[in-house]
Each structure stands twice: as structure tokens, then as C-alpha cells.
**Student:** 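Got a structure for you, questions after.
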Number of protein chains: 2
Amino acid sequence: MSVQSVERALDVLEALAEHGGEAGLSEIAARTGLPYGTIHRLLQTLLARGYVRQESDRRYALGGGLVRLGGIAESMVGVWAQPYLARMVELSGETANLAVLEGDFIVYVAQAPSPRRLRMFAEVGRRVLPHSTAVGKVLLSGRPASQAVAVFERTGMPRRTPNTITELTAMLAELEQVRSRGYAMDLGEEELGVHCLAVPVWDGGRVVAAMSVSGPAERIDGLDRDELAEGLRKIALDFGNELRPTADGS
Amino acid sequence: MSVQSVERALDVLEALAEHGGEAGLSEIAARTGLPYGTIHRLLQTLLARGYVRQESDRRYALGGGLVRLGGIAESMVGVWAQPYLARMVELSGETANLAVLEGDFIVYVAQAPSPRRLRMFAEVGRRVLPHSTAVGKVLLSGRPASQAVAVFERTGMPRRTPNTITELTAMLAELEQVRSRGYAMDLGEEELGVHCLAVPVWDGGRVVAAMSVSGPAERIDGLDRDELAEGLRKIALDFGNELRPTADGS
DNA sequence: CCCACTGTTCCGCGATGTGGAAAACGACTT
DNA sequence: AAGTCGTTTTCCACATCGCGGAACAGTGGG
């Protein structure tokens with residue numbers, strides 16, 4: 001038996017997140033189905049504690065108090081991911097990464113390096129735009145197309161290499177392909193000569209992170225993609241189950 | 001009138017944060033004063049939603065669900081900070097930064113560059129160890145000494161330049177000085193020739209972020225430190241008040 | 001000034017959350 | 001295998017708290 005008020009407060013916070021971090025009370029009501037008075041009371045509580053903030057136009061936004069909790073949680077997720085990333089290195093021979101979407105950016109949260117002397121390295125904590133990375137495409141494919149479009153409109157899709165997808169229509173088609181196939185590829189889109197394959201980490205019906213392996217194009221191309229993706233997906237599923245024991249990867 | 005259950009759920013989350021992200025039920029009870037049954041019920045609710053996770057030894061930890069909310073909140077805090085950072089640039093002539101503590105690392109969340117051609121640049125999103133940065137010292141000085149010691153024991157204090165403080169005793173004395181003086185300096189400890197002055201951002205009696213200005217040693221040294229610190233503190237106080245309208249900088 | 005939409009406040013009521021006690025669990029010792 | 005101890009989990013009678021509809025207030029546009 002759960003605590004209804006806490007569930008509702010989380011619903012409100014998630015509604016704000018679904019709106020890119022800020023929304024009006026009526027937008028929250030539309031999304032959560034809760035009465036105005038109830039939402040208002042919950043918001044006042046979160047506001048007093050700094051977890052929500054009210055802007056000058058009376059709209060509400062996620063507040064600074066979440067930054068600290070989110071940062072600690074991120075560190076812990078990175079630690080928990082290590083054994084699974086290690087399994088991915090063992091499976092593929094290449095460097096494995098865990099990434100999350102923070103606002104409009106991909107952030108690398110954890111990594112297990114390949115034992116090979118020629119290996120990929122992405123600085124943990126580094127943030128990149130999502131359009132030119134495999135993990136970025138996985139994460140955005142887990143969001144409604146309208147949210148992905150909003151991200152691309154804010155960030156643009158700057159060309160990183162001749163292979164970078166820079167057209168919105170082509171990108172949306174690519175995301176649709178990622179959805180149906182269950183994995184994304186980066187074929188020298190972020191960096192020439194580097195290929196990458198990423199799979200989603202599911203948590204409660206939502207894609208909360210992405211895991212990937214990356215290395216020199218020839219080596220990645222020398223692997224069977226579908227087979228590799230299947231192996232990575234299984235590991236990612238195990239990881240998602242550890243994050244939330246009842247997580248359903250549907 | 002606030003919602004008691006939501007307040008308590010936040011108390012539980014903050015108790016976990018105070019314990020480095022994970023704790024047993026009895027530790028949470030000691031810190032919050034809540035009865036075991038109440039805590040357990042709140043934890044089950046947060047657990048079901050992925051905001052808390054239970055480990056194999058039955059201890060609880062902050063969960064992955066906070067990463068997403070924290071990331072969005074961080075982006076927004078960065079946006080809100082911009083006008084204040086711009087004021088700091090205007091005041092000092094140097095590049096201004098906003099940083100937070102995420103686990104054991106300092107993360108640069110926002111920046112306003114100096115208009116000068118010779119200027120400091122720290123990539124937003126970049127993470128560094130706290131011991132050799134002014135913002136790091138500010139943030140750790142806002143924590144109990146035991147927490148700072150725990151961080152240094154985990155990360156070590158690797159020498160970055162000949163000026164880096166690498167001894168625990170010296171560092172704790174330095175943090176004490178930061179507390180009494182109200183600001184921290186980085187005198188070429190992270191990078192030779194670069195000096196930095198940082199002040200705390202208070203939010204509800206807690207140091208939640210740090211703001212700093214940095215530039216070439218000679219230029220920073222050419223400013224009156226106490227005067228500069230006083231000016232930066234005022235701006236940081238304004239920013240803290242925007243984060244939480246009733247924030248008290250005591 | 002009026003209107004439409006949004007946000008805020010109030011209060012009677014009953015559903016929800018409380019918290020003490022009992023039961024269960026897990027690690028350790030004998 | 002049994003006992004001990006500290007911790008966690010479960011239960012349930014009860015009272016408080018959170019609910020939600022209605023009224024009020026605010027805001028921007030015509």
C-alpha cells in the first residue's frame with residue numbers, strides 16, 4: 001500500500017519534466033488529471049523545500065533541490081552499472097559506456113574501457129549533443145517524437161563529420177528505425193573512423209539511459225550487429241531490472 | 001499548509017543524500033525522527049516509482065529516477081544563473097562560473113565568459129576533483145568536516161601543480177579558513193597562472209552551489225579580494241533568493 | 001469594462017496515513 | 001540446530017490529514 005500524496009507529488013514533478021522542466025498549473029492538471037486545489041497544495045510543499053520554483057509568470061519549474069539528489073543518484077547509477085559495462089566489454093572487446101539525457105544533452109555517466117591498446121575514450125561527465133551519437137538516438141527514440149523535435153529545434157544538428165545527420169526529416173526517420181530495430185548506430189557521425197552501437201535501458205516502461213560499445217569502425221563493423229545488439233540488450237535488461245526490480249521492458 | 005507526507009518523503013530522500021546516497025532504515029529513522037513503519041511505507045512508494053532502490057543487504061539508496069529530474073533541474077538552474085554570472089563578469093572583468101557538487105566531483109553548470117581576449121574557459125559539464133578548485137573548497141566547506149574527509153579519502157588529492165594542496169590536515173585547515181572568511185581562493189592549484197575566487201550559493205541554510213570568477217593570476221591579484229568577495233557574495237545571495245524566495249543565507 | 005482562462009483559497013468530510021506493537025529477517029555466536 | 005541481537009517488515013485501530021468542489025482572485029486580450 002503506497003502513500004497517495006507522495007505518488008501525486010511525483011506525478012507533478014514528472015509532469016513538469018515532461019514539459020521540459022516548466023509548466024503552468026493547468027498543464028499539470030491536464031497531464032495528471034488531479035484537481036487544481038490538490039496540485040496547488042502539492043506544489044506549495046515542493047516549493048517551500050526548493051524542489052520546485054515558481055517563475056514570475058506564475059508558471060512552475062523543477063527546482064534546484066533536485067540537482068543535488070540527481071547528482072548523487074547519478075554517481076550511484078554509474079557505480080551499479082560497472083559490472084554490466086564490464087560484461088559488455090567482454091562480449092564485444094570494445095569500450096562500453098552508460099549515458100543519460102540531461103535536458104538537451106547526452107552525459108556520459110560511466111565507462112568500462114576496452115583492454116585493447118587502441119580504444120575509445122569518452123570522459124565521464126562529458127556532454128555532447130544527442131543527434132550525432134548512438135546513445136543520443138536511443139534516448140530520443142524513447143521519447144515522443146514531439147519532444148525529440150523540440151530538442152533538435154533548440155540545439156540544432158550541427159555537422160560533426162560528413163556522415164552526421166543534419167536534416168530533421170532524416171533524423172526522425174532514423175529514430176523510427178531505432179525504435180523498430182531496438183538499437184542505434186553511430187557510423188562516424190560524431191567522429192570519423194569511430195563506430196558505435198547503443199541499446200536502451202528500460203525502467204518502468206521508460207528509456208532512462210542508454211548503454212553502448214564503441215571502437216574503430218573496422219572492428220565494430222567486423223561484428224554481427226544484430227547478434228551484438230541482442231547480447232547488449234540482454235545485459236541492459238539485467239541492469240534495468242537491478243535499477244528497479246519490477247521494471248518491465250515493454 | 002503543506003502536505004505532511006510529501007515533506008516526510010523529502011526528509012527521507014535528504015537523509016539518504018546526507019549518508020552519501022545510501023542508508024539503512026534505522027539510520028534514516030535516527031536522522032529524521034520518523035517511526036520505522038512510516039519510513040518503510042514512504043520508501044516503498046518511492047521504490048515503486050524508481051526514486052529509491054533497495055540493495056541486496058536491505059539498505060536503501062537514491063534511485064535512478066532522480067537522475068532525469070536532476071538533470072533537467074540542473075539545466076534550468078544554469079539558465080537562471082546567467083544574469084547573475086553576467087553581473088559577476090561586469091564586476092570583475094573576468095569569466096564567471098557556476099558549479100555544483102555531484103557525488104565526489106565538481107561539475108561546471110553554467111558560465112559567462114569575460115569579454116577580454118585572454119580569458120578563462122571551463123567547458124560546461126566538465127567535472128573535476130574538488131580539492132584543487134576554489135568552487136570545490138567552497139562546496140566542501142559547506143559540508144560537515146566528516147563528509148569532506150570522506151570525499152578526500154575516496155578521491156585522493158592528486159597534485160595538479162606545485163601549488164596544489166595535497167595534505168589532508170592542510171586541506172581541512174584551508175576549509176576552516178574558507179568558512180570563516182566566506183570565500184575560497186585557487187592560487188594556481190588546478191592550473192598554473194590561473195587564479196580563482198569563489199563564493200557560496202545558499203539555499204535554505206545549505207550551500208547548494210558555488211559561483212566564481214577566474215582569470216590570469218596577475219589580473220585576479222590586481223583586484224581587492226575582500227571587496228571582490230563582498231560583491232560576488234551579494235550577487236550569489238540574490239541568486240540563492242531567486243532559487244528559493246525565502247532562502248536564508250545564515 | 002468585459003470575458004475567458006488560469007491560479008489561489010477555503011472548509012466540511014471521510015479516506016488516508018499514522019505509529020506502536022508484534023512478527024519476521026539476517027548475521028553471528030554457541 | 002538453536003539462540004541472540006539488531007534491524008526490517010507487517011498489521012490494524014484510530015484520528016488526523018489531504019481531498020476536491022466551489023468561490024474568489026489574477027491576468028491578458030478584445
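This structure is a prediction, so every number in the text was calculated from the model and none was measured.
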**Student:** So which heavy atom on Leu98(A) is nearest to which on Gly78(A), and how close?
**Tutor:** CD2-CA, 4.5 Å
**Student:** Write down the distance between CD (Glu55(B)) and C1' (dC25(C)), rounded to a whole number of angstrom.
**Tutor:**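 Spelled out: CD on Glu55(B) to C1' on dC25(C) is 18 Å.
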**Student:** Checking side chain to side chain contact (heavy atoms under 4.5 Å, CB included) against Tyr51(A), which of Thr45(A), Val12(A), Leu46(A) comes through?
**Tutor:** Leu46(A)
**Student:** Between Arg59(A) and Glu27(A), is a side chain to side chain contact (heavy atoms under 4.5 Å, CB included) present by the stated rule, with each step listed?
**Tutor:** CA-CA 10 Å; Arg59(A) 287 165 70 77; Glu27(A) 291 173 287; 2.9 Å; yes
**Student:** May I ask you to list the residues of residues 21-35 of chain A, by number, that have any heavy atom positioned under 4.0 Å from an atom of DNA chain D?
**Tutor:** Pro35(A)
**Student:** In whole angstroms, how far is the C1' atom of dT10(D) from the CD1 atom of Ile39(B)?
**Tutor:**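 Answer to the nearest Å: 15 Å.
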**Student:** Just the rounded figure in Å: distance from P of dG7(C) to CD of Gln44(A).
**Tutor:** 12 Å
**Student:** Using a 6.0 Å cut-off, check whether atom CD of Glu90(B) has over 12 heavy atoms from anything other than its own residue.
**Tutor:**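 For Glu90(B), atom CD is not crowded (no more than 12 foreign heavy atoms under 6.0 Å).
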**Student:** May I ask you to verify if any side-chain N or O of Gln4(A) is less than 4.0 angstrom from the OP1 or OP2 atom of dG20(D)?
**Tutor:**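 For Gln4(A), the contact criterion (side-chain N or O under 4.0 Å from OP1 or OP2 of dG20(D)) is not met.
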**Student:** Any side-chain heavy-atom pair from Val151(A) and Leu101(A) closer than 4.5 angstrom?
**Tutor:**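 Val151(A) does not reach Leu101(A) side chain to side chain.
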**Student:** Counting primed atoms plus P, OP1 and OP2 as sugar-phosphate and everything else as base, spell out the protein contacts along nucleotides 25-30 of chain D at 4.0 Å heavy-atom distance: B, S or - for each nucleotide, 5' to 3'.
**Tutor:** --S---
**Student:** Looking at dT8(C), I'd like to know if its phosphate oxygens (OP1 or OP2) sit under 4.0 Å from a side-chain N or O belonging to Tyr60(A).
**Tutor:**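 For dT8(C), OP1 or OP2 has a side-chain N or O of Tyr60(A) closer than 4.0 Å.
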**Student:** Only counting residues at least two apart or in another chain, list the ones meeting side chain to side chain donor-acceptor pair (under 3.5 Å) with Arg8(B).
**Tutor:**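 Partners of Arg8(B) by the side chain to side chain donor-acceptor pair (under 3.5 Å) criterion come out as none, since no residue qualifies.
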**Student:** Which heavy atom of Ser5(A) sits nearest to which heavy atom of Leu42(A), and what is that distance?
**Tutor:** O-CD2, 3.8 Å
**Student:** Judged by atom type as modelled, is there a donor-acceptor pair below 3.5 Å linking the side chain of His131(B) to the main-chain atoms of Gly156(B)?
**Tutor:**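 Pair absent, no side-chain N/O of His131(B) close to backbone of Gly156(B).
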**Student:** Measure CG/Leu42(B) against C1'/dG17(C) and give the value in whole Å, please.
**Tutor:**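 After rounding, the reported distance stands at 9 Å.
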**Student:** Any salt bridge (Lys or Arg N to Asp or Glu O under 4.0 Å) pairs touching residues 98-110 of chain A, not counting sequence neighbours?
**Tutor:**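 Listed once each, the pairs are Glu102(A)-Arg127(A), Asp104(A)-Arg154(A).
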**Student:** Taking five pairs at each end, how big is the angle between the two axes of the helix from dC1(C)-dG30(D) to dT30(C)-dA1(D), to 10°?
**Tutor:**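 About 50°, once rounded to a multiple of 10°.
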**Student:** Test of understanding: with side chain to side chain contact (heavy atoms under 4.5 Å, CB included), list the residues that count as partners of Ala61(B), not counting sequence neighbours.
**Tutor:**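 Met76(A), Trp80(A), Glu22(B), Glu55(B).
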**Student:** Do Arg233(A) and Trp202(A) pass the side chain to side chain contact (heavy atoms under 4.5 Å, CB included) test, and can you show the C-alpha distance, the side-chain angles, and the key distance before you say yes or no?
**Tutor:** CA-CA 10 Å; Arg233(A) 244 198 309 279; Trp202(A) 294 86; over 6 Å; no
**Student:** Check each residue of residues 5-12 of chain B for a non-hydrogen atom within less than 4.0 Å of any atom in DNA chain D, then write out the ones that pass by number, or none.
**Tutor:** Ser5(B)
**Student:** Within less than 4.0 Å of OP1 or OP2 of dT6(C), is there a side-chain N or O belonging to Gln54(A)?
**Tutor:**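 No, Gln54(A) has no side-chain N/O under 4.0 Å of OP1/OP2 on dT6(C).
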**Student:** Checking Arg58(B) now: which residues fulfil side chain to side chain donor-acceptor pair (under 3.5 Å) with it, not counting sequence neighbours?
**Tutor:** none
**Student:** Run the side chain to side chain donor-acceptor pair (under 3.5 Å) test against Gln147(B) and tell me which residues pass, sequence neighbours left out.
**Tutor:**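 Once residues adjacent in sequence are excluded, the partners of Gln147(B) under the side chain to side chain donor-acceptor pair (under 3.5 Å) criterion are Glu18(B).
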**Student:** Side chains of Val67(B) and Val208(A), heavy atoms from C-beta outward: is any pair under 4.5 Å?
**Tutor:**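 Not touching, per the 4.5 Å side-chain cut-off.
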**Student:** Tell me whether the side-chain N/O atoms of His40(A) come closer than 4.0 Å to OP1 or OP2 in dT8(C).
**Tutor:**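 True: His40(A) side-chain N/O within range (under 4.0 Å) of dT8(C) OP1/OP2.
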**Student:** Can you name the ring-ring contact (aromatic ring centres under 6.0 Å, His included) partners of Phe239(B), sequence neighbours left out?
**Tutor:** Tyr84(B)
**Student:** Just how far, in rounded Å, is P of dG21(D) from OH of Tyr36(A)?
**Tutor:** 13 Å
**Student:** Who passes side chain to side chain donor-acceptor pair (under 3.5 Å) against Glu176(B), sequence neighbours left out?
**Tutor:**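 Applying side chain to side chain donor-acceptor pair (under 3.5 Å) to Glu176(B) gives Arg179(B).
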**Student:** Between dC5(C) atom C1' and Asp57(A) atom CG, what is the distance in whole Å?
**Tutor:**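 From Asp57(A) CG to dC5(C) C1': 15 Å.
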**Student:** Shorter than 3.5 Å, N or O on both sides, protein versus nucleotides 10-13 of chain C: list them out with atom names.
**Tutor:**
none

